[in-house]
Amino acid sequence: MLKIPWTAKKTNERVLQEAQSKRSLLDKIRNRQATFFGYIMRQEKLENLIITGMMTCRRCRGRQREKLTDGMAKWLGMGSLVAMLQKTKMRQEWRRLIANAIEQGT
């Protein structure tokens with residue numbers, strides 16, 4: 001399409017700029033993650049307890065793993081976890097928040 005030889009030393013970002021395209025796979029993955037996260041948080045079941053970390057168990061040794069909630073709050077630009085969990089209860093606001101985050105491309 002762009003007739004770029006395989007020996008050319010161009011980064012993927014530069015090729016995407018030349019093609020006037022952007023990475024859409026990452027946006028799709030984040031959109032589906034956020035949609036699933038909102039679905040789980042609206043329910044009061046075992047998955048909700050596991051994701052929010054309300055279950056008591058022994059911690060593993062080593063560095064603490066990054067939680068799904070932390071990554072989601074960082075991507076959506078939410079300051080606190082409590083505010084994000086409250087947004088999940090209101091479906092329309094949650095969808096608007098996801099759409100804004102995808103538009104900004106963060």
Can you tell me how far apart [atom1] ([X]) and [atom2] ([Y]) are? Round to the nearest 0.5 Å.
X: Lys87; Y: Leu85; atom1: NZ; atom2: CG; result: 12.5 Å
X: Ile4; Y: Lys9; atom1: CD1; atom2: NZ; result: 14.5 Å
X: Asn100; Y: Gln104; atom1: CG; atom2: CD; result: 6.5 Å
X: Met84; Y: Asp70; atom1: CE; atom2: CG; result: 8.0 Å

- Message: Does Met72 form a side-chain contact (heavy atoms from CB on, under 4.5 Å) with Trp75? I'd like the steps, not just the answer.
- Response: CA-CA 5 Å; Met72 194 69 59; Trp75 176 62; 4.2 Å; yes
Nearest heavy atoms of [X] and [Y], plus distance in Å:
X: Asp27; Y: Ile102; answer: O-CD1, 4.1 Å
X: Thr88; Y: Met41; answer: OG1-CB, 3.4 Å
X: Trp94; Y: Ala34; answer: NE1-O, 3.0 Å
X: Leu76; Y: Ile98; answer: CD2-CA, 4.3 Å

- Set of residues satisfying side-chain hydrogen bond (donor to acceptor under 3.5 Å, both in side chains) with respect to Gln20, sequence neighbours excluded: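 Gln20 satisfies side-chain hydrogen bond (donor to acceptor under 3.5 Å, both in side chains) with no residue once adjacent residues are dropped.
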- Look at Lys3 together with Glu18 and state whether they make a salt bridge at an N to O cut-off of under 4.0 Å.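 No, no charged N to carboxylate O under 4.0 Å.
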- Task: Check each of Arg96, Arg91, Arg95, Lys89 against Glu93 using the side-chain contact (heavy atoms from CB on, under 4.5 Å) test, and report the only one that passes.
- Result: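 That would be Arg96.
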- Residues that Arg32 engages under side-chain contact (heavy atoms from CB on, under 4.5 Å), provided they are two or more places apart: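 Partners of Arg32 under the side-chain contact (heavy atoms from CB on, under 4.5 Å) test: none.
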- Message: What I'd like to find out is whether the side chain of Thr69 reaches to under 4.5 Å of the side chain of Phe37, using heavy atoms alone.
- Response: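 Thr69 reaches Phe37 side chain to side chain.
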